[in-house]
Number of protein chains: 2
Amino acid sequence: MIAPGHAEPARRRGLADEVADRLREGIFAGVYEPGRQLREVELSAALDVSRGPVREALRLLEREGLVRCSWHRGATVTTLSPADIVELDSLRGALEELAVREAVRNATDDDLAAVAAAAEAMRRAPDPREVARHDIAFHDAVFAASHHRRLVEAWQGIRNQVHLFLLTRIARGTEGYLDAVPDEHRDLAALLRARDAAAALPRFAEHRARAFDVLTAEG
Amino acid sequence: MIAPGHAEPARRRGLADEVADRLREGIFAGVYEPGRQLREVELSAALDVSRGPVREALRLLEREGLVRCSWHRGATVTTLSPADIVELDSLRGALEELAVREAVRNATDDDLAAVAAAAEAMRRAPDPREVARHDIAFHDAVFAASHHRRLVEAWQGIRNQVHLFLLTRIARGTEGYLDAVPDEHRDLAALLRARDAAAALPRFAEHRARAFDVLTAEG
DNA sequence: CGGTGGCACAATGTTAACATTCAGACATGA
DNA sequence: TCATGTCTGAATGTTAACATTGTGCCACCG
(Lines give C-alpha, C1' and ligand atoms only; values in the text may rest on other atoms or scores of the structure.)
Protein backbone atom coordinates (compact mmCIF):
# COMPACT_ATOMS: atom_id res chain seq x y z
CA MET A 1 0.00 0.00 0.00
CA ILE A 2 1.41 3.35 -1.02
CA ALA A 3 0.17 6.61 0.38
CA PRO A 4 -1.16 8.99 -2.29
CA GLY A 5 1.42 11.71 -1.79
CA HIS A 6 4.35 9.32 -1.76
CA ALA A 7 3.75 7.74 -5.13
CA GLU A 8 7.13 7.32 -6.72
CA PRO A 9 7.38 8.06 -10.44
CA ALA A 10 8.13 4.33 -10.77
CA ARG A 11 10.60 5.12 -13.49
CA ARG A 12 12.70 2.22 -14.62
CA ARG A 13 16.40 2.76 -14.66
CA GLY A 14 18.91 1.68 -17.22
CA LEU A 15 21.81 -0.68 -16.74
CA ALA A 16 24.15 2.29 -16.46
CA ASP A 17 22.54 3.42 -13.20
CA GLU A 18 22.72 -0.10 -11.86
CA VAL A 19 26.41 -0.34 -12.72
CA ALA A 20 27.05 3.06 -11.15
CA ASP A 21 25.44 1.83 -7.92
CA ARG A 22 27.63 -1.23 -7.85
CA LEU A 23 30.78 0.80 -8.44
CA ARG A 24 29.86 3.35 -5.78
CA GLU A 25 29.24 0.49 -3.38
CA GLY A 26 32.63 -0.93 -4.27
CA ILE A 27 34.41 2.38 -3.74
CA PHE A 28 32.81 2.98 -0.36
CA ALA A 29 33.44 -0.61 0.69
CA GLY A 30 37.12 -0.23 -0.13
CA VAL A 31 37.15 -2.69 -3.02
CA TYR A 32 38.38 0.05 -5.32
CA GLU A 33 40.80 2.14 -3.28
CA PRO A 34 41.53 5.79 -4.18
CA GLY A 35 43.95 6.15 -7.06
CA ARG A 36 43.08 2.79 -8.57
CA GLN A 37 42.41 2.62 -12.27
CA LEU A 38 38.99 1.47 -13.37
CA ARG A 39 39.34 -0.30 -16.71
CA GLU A 40 36.22 -0.58 -18.81
CA VAL A 41 36.83 -4.11 -20.06
CA GLU A 42 37.64 -5.40 -16.61
CA LEU A 43 34.49 -3.90 -15.13
CA SER A 44 32.26 -5.01 -17.96
CA ALA A 45 33.55 -8.55 -17.53
CA ALA A 46 33.13 -8.48 -13.75
CA LEU A 47 29.58 -7.10 -13.88
CA ASP A 48 28.63 -9.10 -16.96
CA VAL A 49 27.45 -6.17 -19.03
CA SER A 50 28.78 -4.51 -22.15
CA ARG A 51 31.19 -1.60 -22.14
CA GLY A 52 28.48 0.88 -23.08
CA PRO A 53 26.70 1.04 -19.71
CA VAL A 54 30.05 0.85 -17.90
CA ARG A 55 31.23 3.86 -19.87
CA GLU A 56 28.09 5.76 -19.05
CA ALA A 57 28.34 4.79 -15.38
CA LEU A 58 31.90 6.10 -15.20
CA ARG A 59 30.80 9.45 -16.58
CA LEU A 60 28.05 9.50 -13.99
CA LEU A 61 30.55 8.87 -11.21
CA GLU A 62 32.75 11.57 -12.67
CA ARG A 63 29.84 13.95 -12.33
CA GLU A 64 29.67 12.95 -8.67
CA GLY A 65 33.37 13.56 -8.26
CA LEU A 66 34.11 9.95 -7.35
CA VAL A 67 36.31 9.26 -10.37
CA ARG A 68 38.32 11.32 -12.82
CA CYS A 69 38.47 10.55 -16.54
CA SER A 70 41.15 11.52 -19.05
CA TRP A 71 41.32 11.22 -22.81
CA HIS A 72 42.31 7.68 -23.71
CA ARG A 73 43.61 7.19 -20.22
CA GLY A 74 40.54 5.85 -18.53
CA ALA A 75 39.09 6.57 -15.11
CA THR A 76 40.75 6.52 -11.69
CA VAL A 77 39.16 6.66 -8.26
CA THR A 78 39.40 10.14 -6.81
CA THR A 79 42.02 10.79 -4.13
CA LEU A 80 41.16 13.60 -1.75
CA SER A 81 44.12 15.87 -0.99
CA PRO A 82 44.01 18.29 1.96
CA ALA A 83 43.34 21.08 -0.53
CA ASP A 84 40.38 19.10 -1.86
CA ILE A 85 38.96 18.81 1.64
CA VAL A 86 39.21 22.57 2.11
CA GLU A 87 37.32 23.00 -1.16
CA LEU A 88 34.66 20.54 -0.11
CA ASP A 89 34.17 22.24 3.22
CA SER A 90 33.76 25.73 1.81
CA LEU A 91 31.48 24.73 -1.03
CA ARG A 92 29.42 22.54 1.22
CA GLY A 93 29.05 25.48 3.59
CA ALA A 94 27.74 27.76 0.85
CA LEU A 95 25.25 25.15 -0.33
CA GLU A 96 24.04 24.11 3.10
CA GLU A 97 23.53 27.67 4.20
CA LEU A 98 21.16 28.21 1.32
CA ALA A 99 19.53 24.84 2.00
CA VAL A 100 18.75 25.77 5.60
CA ARG A 101 17.26 29.10 4.61
CA GLU A 102 15.13 27.51 1.91
CA ALA A 103 14.10 24.62 4.13
CA VAL A 104 12.90 26.96 6.84
CA ARG A 105 10.81 28.75 4.24
CA ASN A 106 9.54 25.98 1.98
CA ALA A 107 9.65 22.70 3.85
CA THR A 108 6.47 20.86 4.75
CA ASP A 109 6.08 19.42 8.21
CA ASP A 110 6.57 15.98 6.69
CA ASP A 111 9.91 17.04 5.26
CA LEU A 112 11.13 18.22 8.66
CA ALA A 113 9.81 15.08 10.28
CA ALA A 114 11.91 13.12 7.80
CA VAL A 115 14.95 15.16 8.84
CA ALA A 116 14.29 14.37 12.49
CA ALA A 117 13.76 10.71 11.64
CA ALA A 118 17.12 10.64 9.86
CA ALA A 119 18.76 12.10 12.95
CA GLU A 120 17.17 9.43 15.14
CA ALA A 121 18.06 6.60 12.76
CA MET A 122 21.70 7.52 13.21
CA ARG A 123 21.56 6.54 16.87
CA ARG A 124 20.68 2.98 15.95
CA ALA A 125 23.52 2.49 13.51
CA PRO A 126 25.58 -0.56 14.44
CA ASP A 127 29.08 0.42 13.21
CA PRO A 128 30.99 3.55 12.18
CA ARG A 129 30.49 2.92 8.47
CA GLU A 130 26.74 2.88 8.96
CA VAL A 131 26.96 6.01 11.08
CA ALA A 132 28.66 7.82 8.23
CA ARG A 133 25.96 6.65 5.85
CA HIS A 134 23.27 8.00 8.14
CA ASP A 135 25.24 11.18 8.61
CA ILE A 136 25.06 11.82 4.89
CA ALA A 137 21.42 10.75 4.80
CA PHE A 138 20.60 13.39 7.40
CA HIS A 139 22.10 16.13 5.27
CA ASP A 140 20.37 14.66 2.22
CA ALA A 141 17.09 15.14 4.06
CA VAL A 142 17.93 18.77 4.82
CA PHE A 143 18.64 19.47 1.16
CA ALA A 144 15.51 17.61 0.11
CA ALA A 145 13.49 19.74 2.52
CA SER A 146 14.64 22.87 0.72
CA HIS A 147 12.52 21.88 -2.30
CA HIS A 148 15.23 23.37 -4.50
CA ARG A 149 15.96 21.00 -7.36
CA ARG A 150 19.15 22.66 -8.57
CA LEU A 151 20.48 23.00 -5.06
CA VAL A 152 19.96 19.27 -4.54
CA GLU A 153 21.78 18.57 -7.77
CA ALA A 154 24.70 20.77 -6.71
CA TRP A 155 24.82 18.91 -3.40
CA GLN A 156 24.83 15.59 -5.22
CA GLY A 157 27.90 16.84 -7.07
CA ILE A 158 29.89 16.77 -3.80
CA ARG A 159 27.77 14.50 -1.63
CA ASN A 160 29.73 11.35 -2.28
CA GLN A 161 33.04 13.11 -1.88
CA VAL A 162 31.91 14.30 1.54
CA HIS A 163 30.99 10.70 2.27
CA LEU A 164 34.49 9.62 1.30
CA PHE A 165 35.83 12.35 3.56
CA LEU A 166 33.78 11.05 6.47
CA LEU A 167 35.17 7.55 5.96
CA THR A 168 38.76 8.79 6.08
CA ARG A 169 37.87 10.78 9.16
CA ILE A 170 36.57 7.66 10.83
CA ALA A 171 39.72 5.81 9.87
CA ARG A 172 41.72 8.40 11.80
CA GLY A 173 39.74 7.80 14.96
CA THR A 174 36.14 7.84 16.03
CA GLU A 175 36.44 9.80 19.29
CA GLY A 176 34.15 12.77 19.39
CA TYR A 177 32.33 11.63 16.30
CA LEU A 178 30.15 8.65 17.08
CA ASP A 179 28.82 10.15 20.29
CA ALA A 180 28.71 13.88 19.49
CA VAL A 181 27.28 13.95 15.97
CA PRO A 182 23.95 12.22 16.67
CA ASP A 183 23.19 14.76 19.40
CA GLU A 184 24.14 17.63 17.13
CA HIS A 185 21.91 16.30 14.40
CA ARG A 186 19.03 16.06 16.85
CA ASP A 187 19.51 19.69 17.85
CA LEU A 188 19.77 20.81 14.25
CA ALA A 189 16.56 18.98 13.39
CA ALA A 190 14.78 20.66 16.29
CA LEU A 191 15.91 24.12 15.18
CA LEU A 192 14.66 23.38 11.68
CA ARG A 193 11.27 22.28 13.02
CA ALA A 194 11.12 25.55 14.94
CA ARG A 195 11.84 27.21 11.59
CA ASP A 196 14.44 29.38 13.25
CA ALA A 197 16.96 30.13 10.52
CA ALA A 198 18.86 32.70 12.58
CA ALA A 199 19.60 30.11 15.23
CA ALA A 200 20.10 27.17 12.91
CA LEU A 201 22.65 28.72 10.54
CA PRO A 202 25.49 29.20 13.06
CA ARG A 203 24.81 25.76 14.53
CA PHE A 204 25.13 24.14 11.14
CA ALA A 205 28.37 26.06 10.63
CA GLU A 206 29.74 24.78 13.94
CA HIS A 207 28.68 21.29 13.02
CA ARG A 208 30.68 21.43 9.80
CA ALA A 209 33.67 23.04 11.48
CA ARG A 210 33.83 20.25 14.04
CA ALA A 211 34.09 17.58 11.35
CA PHE A 212 36.53 19.66 9.37
CA ASP A 213 38.91 20.48 12.21
CA VAL A 214 39.56 16.85 12.99
CA LEU A 215 41.32 16.32 9.71
CA THR A 216 43.13 19.63 9.42
CA ALA A 217 44.43 19.49 12.97
CA GLU A 218 45.90 16.03 12.60
CA GLY A 219 46.57 15.97 8.87
CA MET B 1 54.14 32.34 -28.42
CA ILE B 2 52.84 30.82 -25.23
CA ALA B 3 53.85 32.06 -21.81
CA PRO B 4 55.22 29.33 -19.53
CA GLY B 5 52.41 29.53 -17.00
CA HIS B 6 49.69 29.54 -19.61
CA ALA B 7 50.62 26.30 -21.32
CA GLU B 8 47.37 24.46 -21.93
CA PRO B 9 47.43 20.71 -21.26
CA ALA B 10 46.87 20.42 -25.00
CA ARG B 11 44.52 17.58 -24.28
CA ARG B 12 42.69 16.23 -27.29
CA ARG B 13 38.98 16.01 -26.96
CA GLY B 14 36.67 13.30 -28.11
CA LEU B 15 33.88 13.57 -30.62
CA ALA B 16 31.36 13.76 -27.77
CA ASP B 17 32.73 17.12 -26.63
CA GLU B 18 32.67 18.38 -30.19
CA VAL B 19 29.05 17.31 -30.61
CA ALA B 20 28.14 18.93 -27.29
CA ASP B 21 29.65 22.20 -28.51
CA ARG B 22 27.63 22.09 -31.70
CA LEU B 23 24.42 21.37 -29.82
CA ARG B 24 25.03 24.15 -27.30
CA GLU B 25 25.70 26.50 -30.18
CA GLY B 26 22.45 25.42 -31.78
CA ILE B 27 20.46 25.89 -28.60
CA PHE B 28 21.82 29.37 -27.97
CA ALA B 29 21.36 30.32 -31.62
CA GLY B 30 17.71 29.31 -31.47
CA VAL B 31 17.99 26.37 -33.84
CA TYR B 32 16.72 24.05 -31.11
CA GLU B 33 14.09 26.01 -29.21
CA PRO B 34 13.18 25.12 -25.61
CA GLY B 35 10.90 22.11 -25.34
CA ARG B 36 12.06 20.60 -28.58
CA GLN B 37 12.92 16.92 -28.62
CA LEU B 38 16.47 16.00 -29.54
CA ARG B 39 16.41 12.61 -31.23
CA GLU B 40 19.65 10.69 -31.28
CA VAL B 41 19.31 9.33 -34.81
CA GLU B 42 18.40 12.70 -36.23
CA LEU B 43 21.36 14.40 -34.58
CA SER B 44 23.80 11.66 -35.48
CA ALA B 45 22.70 11.95 -39.11
CA ALA B 46 22.90 15.74 -39.10
CA LEU B 47 26.37 15.85 -37.53
CA ASP B 48 27.61 12.78 -39.39
CA VAL B 49 28.69 10.83 -36.36
CA SER B 50 27.43 7.69 -34.71
CA ARG B 51 24.87 7.62 -31.94
CA GLY B 52 27.50 6.91 -29.28
CA PRO B 53 29.05 10.36 -29.09
CA VAL B 54 25.63 11.97 -29.51
CA ARG B 55 24.39 9.98 -26.54
CA GLU B 56 27.37 11.02 -24.48
CA ALA B 57 26.97 14.65 -25.54
CA LEU B 58 23.33 14.65 -24.44
CA ARG B 59 24.32 13.40 -20.99
CA LEU B 60 26.90 16.17 -20.87
CA LEU B 61 24.30 18.77 -21.69
CA GLU B 62 22.02 17.25 -19.09
CA ARG B 63 24.77 17.81 -16.55
CA GLU B 64 24.81 21.45 -17.64
CA GLY B 65 21.05 21.64 -17.28
CA LEU B 66 20.48 22.44 -20.93
CA VAL B 67 18.49 19.30 -21.69
CA ARG B 68 16.49 16.79 -19.70
CA CYS B 69 16.58 13.06 -20.36
CA SER B 70 14.00 10.42 -19.49
CA TRP B 71 14.07 6.66 -19.70
CA HIS B 72 13.29 5.65 -23.28
CA ARG B 73 11.88 9.07 -23.92
CA GLY B 74 14.96 10.85 -25.10
CA ALA B 75 16.14 14.38 -24.43
CA THR B 76 14.32 17.69 -24.67
CA VAL B 77 15.71 21.20 -24.51
CA THR B 78 15.16 22.71 -21.07
CA THR B 79 12.35 25.22 -20.67
CA LEU B 80 12.87 27.69 -17.85
CA SER B 81 9.75 28.28 -15.77
CA PRO B 82 9.53 31.27 -13.41
CA ALA B 83 10.17 28.88 -10.53
CA ASP B 84 13.33 27.70 -12.31
CA ILE B 85 14.54 31.26 -12.59
CA VAL B 86 14.04 31.79 -8.87
CA GLU B 87 16.09 28.66 -8.25
CA LEU B 88 18.83 29.81 -10.59
CA ASP B 89 19.01 33.21 -8.93
CA SER B 90 19.28 31.90 -5.38
CA LEU B 91 21.80 29.18 -6.18
CA ARG B 92 23.85 31.52 -8.30
CA GLY B 93 23.88 33.96 -5.40
CA ALA B 94 25.22 31.36 -2.98
CA LEU B 95 27.94 30.28 -5.41
CA GLU B 96 28.98 33.76 -6.46
CA GLU B 97 29.22 34.98 -2.90
CA LEU B 98 31.73 32.24 -2.16
CA ALA B 99 33.51 32.95 -5.43
CA VAL B 100 34.00 36.61 -4.56
CA ARG B 101 35.33 35.79 -1.11
CA GLU B 102 37.73 33.19 -2.49
CA ALA B 103 38.80 35.40 -5.38
CA VAL B 104 39.68 38.24 -3.03
CA ARG B 105 41.80 35.82 -1.04
CA ASN B 106 43.38 33.59 -3.68
CA ALA B 107 43.37 35.38 -7.02
CA THR B 108 46.60 36.43 -8.66
CA ASP B 109 46.86 39.89 -10.20
CA ASP B 110 46.69 38.25 -13.60
CA ASP B 111 43.38 36.64 -12.70
CA LEU B 112 41.88 39.97 -11.70
CA ALA B 113 43.30 41.59 -14.79
CA ALA B 114 41.46 38.96 -16.80
CA VAL B 115 38.25 39.85 -14.98
CA ALA B 116 38.74 43.50 -15.82
CA ALA B 117 39.54 42.62 -19.42
CA ALA B 118 36.32 40.64 -19.66
CA ALA B 119 34.41 43.64 -18.39
CA GLU B 120 36.02 45.87 -21.01
CA ALA B 121 35.46 43.38 -23.81
CA MET B 122 31.75 43.60 -23.14
CA ARG B 123 31.73 47.25 -24.21
CA ARG B 124 32.87 46.33 -27.68
CA ALA B 125 30.20 43.69 -28.26
CA PRO B 126 28.27 44.42 -31.46
CA ASP B 127 24.83 43.00 -30.67
CA PRO B 128 22.78 41.93 -27.61
CA ARG B 129 23.53 38.22 -28.11
CA GLU B 130 27.25 38.96 -27.95
CA VAL B 131 26.71 41.14 -24.89
CA ALA B 132 25.07 38.23 -23.12
CA ARG B 133 27.98 35.99 -24.07
CA HIS B 134 30.46 38.47 -22.63
CA ASP B 135 28.27 38.89 -19.57
CA ILE B 136 28.64 35.20 -18.82
CA ALA B 137 32.34 35.32 -19.69
CA PHE B 138 32.82 38.02 -17.06
CA HIS B 139 31.29 35.86 -14.37
CA ASP B 140 33.30 32.90 -15.64
CA ALA B 141 36.42 34.96 -15.01
CA VAL B 142 35.31 35.73 -11.46
CA PHE B 143 34.79 32.05 -10.70
CA ALA B 144 38.08 31.17 -12.36
CA ALA B 145 39.81 33.74 -10.16
CA SER B 146 38.58 31.93 -7.07
CA HIS B 147 40.95 29.02 -7.85
CA HIS B 148 38.29 26.70 -6.48
CA ARG B 149 37.86 23.75 -8.81
CA ARG B 150 34.67 22.38 -7.32
CA LEU B 151 33.11 25.80 -7.15
CA VAL B 152 33.84 26.30 -10.84
CA GLU B 153 32.25 22.93 -11.57
CA ALA B 154 29.15 23.85 -9.59
CA TRP B 155 28.95 27.13 -11.53
CA GLN B 156 29.25 25.23 -14.80
CA GLY B 157 26.22 23.24 -13.70
CA ILE B 158 24.03 26.35 -13.96
CA ARG B 159 26.15 28.62 -16.15
CA ASN B 160 24.43 27.77 -19.39
CA GLN B 161 20.99 28.01 -17.84
CA VAL B 162 21.85 31.51 -16.68
CA HIS B 163 22.95 32.22 -20.24
CA LEU B 164 19.58 31.00 -21.48
CA PHE B 165 17.95 33.23 -18.90
CA LEU B 166 19.89 36.24 -20.17
CA LEU B 167 18.74 35.56 -23.71
CA THR B 168 15.09 35.48 -22.70
CA ARG B 169 15.66 38.65 -20.73
CA ILE B 170 17.05 40.34 -23.82
CA ALA B 171 14.08 39.14 -25.82
CA ARG B 172 11.82 41.00 -23.40
CA GLY B 173 13.63 44.27 -24.00
CA THR B 174 17.15 45.54 -23.77
CA GLU B 175 16.55 48.82 -21.92
CA GLY B 176 18.62 49.12 -18.79
CA TYR B 177 20.72 46.13 -19.75
CA LEU B 178 23.01 46.99 -22.63
CA ASP B 179 24.03 50.30 -21.12
CA ALA B 180 23.99 49.57 -17.38
CA VAL B 181 25.63 46.15 -17.13
CA PRO B 182 29.00 47.04 -18.68
CA ASP B 183 29.43 49.86 -16.18
CA GLU B 184 28.44 47.60 -13.31
CA HIS B 185 30.92 44.98 -14.42
CA ARG B 186 33.65 47.59 -14.56
CA ASP B 187 32.89 48.66 -10.99
CA LEU B 188 32.78 45.07 -9.79
CA ALA B 189 36.13 44.37 -11.40
CA ALA B 190 37.62 47.41 -9.69
CA LEU B 191 36.33 46.30 -6.28
CA LEU B 192 37.87 42.89 -6.86
CA ARG B 193 41.22 44.41 -7.77
CA ALA B 194 41.05 46.42 -4.57
CA ARG B 195 40.43 43.08 -2.84
CA ASP B 196 37.61 44.62 -0.90
CA ALA B 197 35.23 41.75 -0.22
CA ALA B 198 33.05 43.72 2.17
CA ALA B 199 32.31 46.28 -0.54
CA ALA B 200 32.15 43.86 -3.43
CA LEU B 201 29.65 41.39 -1.98
CA PRO B 202 26.64 43.72 -1.74
CA ARG B 203 27.43 45.15 -5.18
CA PHE B 204 27.42 41.70 -6.71
CA ALA B 205 24.10 41.04 -4.97
CA GLU B 206 22.61 44.23 -6.42
CA HIS B 207 23.95 43.30 -9.81
CA ARG B 208 22.15 39.97 -9.72
CA ALA B 209 18.97 41.49 -8.32
CA ARG B 210 18.81 43.97 -11.19
CA ALA B 211 18.89 41.21 -13.78
CA PHE B 212 16.44 39.12 -11.80
CA ASP B 213 13.84 41.84 -11.21
CA VAL B 214 13.36 42.52 -14.88
CA LEU B 215 11.83 39.11 -15.45
CA THR B 216 9.85 38.76 -12.24
CA ALA B 217 8.34 42.23 -12.56
CA GLU B 218 7.10 41.68 -16.09
CA GLY B 219 6.70 37.91 -16.03
C1' DC C 1 76.32 5.46 -20.13
C1' DG C 2 72.45 8.68 -21.12
C1' DG C 3 69.18 10.09 -24.41
C1' DT C 4 66.27 9.39 -28.44
C1' DG C 5 63.55 7.13 -31.78
C1' DG C 6 60.42 3.73 -33.18
C1' DC C 7 57.66 -0.39 -32.31
C1' DA C 8 54.16 -3.31 -30.18
C1' DC C 9 50.63 -3.85 -26.86
C1' DA C 10 46.73 -2.51 -24.41
C1' DA C 11 43.08 0.43 -23.36
C1' DT C 12 39.78 3.79 -24.79
C1' DG C 13 36.95 6.08 -28.65
C1' DT C 14 33.82 5.00 -32.32
C1' DT C 15 30.68 2.55 -35.17
C1' DA C 16 26.72 -0.18 -36.69
C1' DA C 17 23.47 -3.86 -35.80
C1' DC C 18 20.30 -6.05 -32.40
C1' DA C 19 16.85 -5.91 -28.41
C1' DT C 20 13.72 -3.49 -25.57
C1' DT C 21 10.33 -0.16 -24.41
C1' DC C 22 7.19 3.69 -24.71
C1' DA C 23 3.37 6.41 -27.01
C1' DG C 24 -0.27 6.88 -29.99
C1' DA C 25 -3.85 4.94 -33.00
C1' DC C 26 -7.24 1.85 -34.12
C1' DA C 27 -10.68 -1.44 -33.43
C1' DT C 28 -13.87 -3.60 -30.25
C1' DG C 29 -17.20 -3.87 -26.71
C1' DA C 30 -20.45 -2.04 -23.25
C1' DT D 1 -20.20 7.89 -26.81
C1' DC D 2 -16.68 6.42 -23.90
C1' DA D 3 -13.55 3.18 -22.02
C1' DT D 4 -10.45 -0.64 -22.69
C1' DG D 5 -7.25 -3.58 -24.99
C1' DT D 6 -4.10 -4.66 -28.49
C1' DC D 7 -1.06 -3.51 -31.97
C1' DT D 8 2.20 -1.05 -34.57
C1' DG D 9 5.93 1.99 -35.25
C1' DA D 10 9.61 4.68 -33.85
C1' DA D 11 12.86 5.89 -30.61
C1' DT D 12 16.12 4.64 -27.00
C1' DG D 13 18.99 0.91 -24.45
C1' DT D 14 22.38 -2.56 -25.30
C1' DT D 15 25.83 -5.26 -27.50
C1' DA D 16 30.02 -6.59 -30.00
C1' DA D 17 33.39 -5.57 -33.57
C1' DC D 18 36.48 -1.95 -35.60
C1' DA D 19 39.60 2.25 -35.34
C1' DT D 20 42.45 5.33 -32.84
C1' DT D 21 45.49 6.76 -29.28
C1' DG D 22 48.60 6.61 -25.24
C1' DT D 23 52.30 4.06 -22.76
C1' DG D 24 56.15 1.30 -21.91
C1' DC D 25 59.94 -1.24 -23.74
C1' DC D 26 63.85 -2.01 -26.39
C1' DA D 27 67.23 -1.17 -29.70
C1' DC D 28 70.14 2.28 -31.51
C1' DC D 29 72.88 6.37 -31.62
C1' DG D 30 75.61 10.14 -29.63
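In what follows, every heavy atom counts, from backbone to side chain, and hydrogens, waters and symmetry copies are set aside. The chains referred to below are lettered A, B, ... by the order of the sequence lines, with proteins before strands, and numbering in each begins at 1.
Looking at heavy-atom distances under 4.0 Å, B:Leu58 makes no contact with the nucleic acid at all. Within the nucleic acid shown, A:Gly14 comes within 4.0 Å of sugar-phosphate atoms alone, with no base atom in reach, counting heavy atoms only. Counting any heavy atom pair closer than 4.0 Å across all strands shown, B:Gly74 reaches sugar-phosphate atoms only and no base atom.
Closest approach to the A:Arg39 side chain among C:dA23, C:dG13, C:dA11 is made by C:dA11 (side chain taken as heavy atoms from C-beta onward). For A:Arg51, whose side chain is taken as the heavy atoms from C-beta onward, the closest listed nucleotide among D:dT12, D:dA17, D:dG22 is D:dA17. Checking C:dG13, C:dA17, C:dC22 against the side-chain heavy atoms of B:Trp71 singles out C:dC22 as nearest. The side chain of A:Ser50 lies closest to D:dA16 when the candidates are D:dG13, C:dT15, D:dA16.
Between the A:Ser146 side chain and the A:Glu102 main chain, no donor and acceptor come within less than 3.5 Å of each other. A donor-acceptor distance shorter than 3.5 angstrom exists from the side chain of A:Asp84 to the backbone of A:Ser81, with no hydrogens or angles considered. In this structure, A:Arg129 contributes its side chain and A:Phe28 its backbone to a donor-acceptor pair below 3.5 Å.
Rounded to an integer number of Å, the gap from CD of B:Glu56 to P of D:dG13 is 14 Å. Spacing between atom CD of A:Glu42 and atom P of C:dA11 amounts to 9 Å, rounded to whole angstrom units. The separation between B:Leu38 atom CG and D:dA10 atom P is 19 Å, rounded to whole Å. If you take NE2 of A:His72 and P of D:dG24, they are 16 Å apart, rounded to a whole angstrom. As a whole-Å value, the separation of B:Leu43 CG from D:dA11 C1' is 12 Å. Per the geometry, CZ belonging to A:Arg73 stands 14 Å off C1' belonging to D:dG24, to the nearest Å. B:Asp17 places its CG atom 9 Å from the P atom of C:dT14, with the value rounded to the nearest Å. What separates CD of B:Glu40 from C1' of C:dT14 is a distance of 15 Å, to the nearest Å.
By the 4.0 Å N-to-carboxylate-O rule, A:Arg55 lies close enough to A:Glu40 to be salt-bridged with it.
A:Arg59 has a side-chain polar atom (N or O) that falls below the 4.0 Å cut-off from OP1 or OP2 of C:dG13.
Where B:Ala75 and A:Asp48 meet DNA chain D, the nucleotide closest to each residue was compared, and B:Ala75 sits on the side nearer the 5' end.
Using cut-offs of 30° and 60° for the angle between ring planes, the B:Phe204 and B:His139 rings count as perpendicular.
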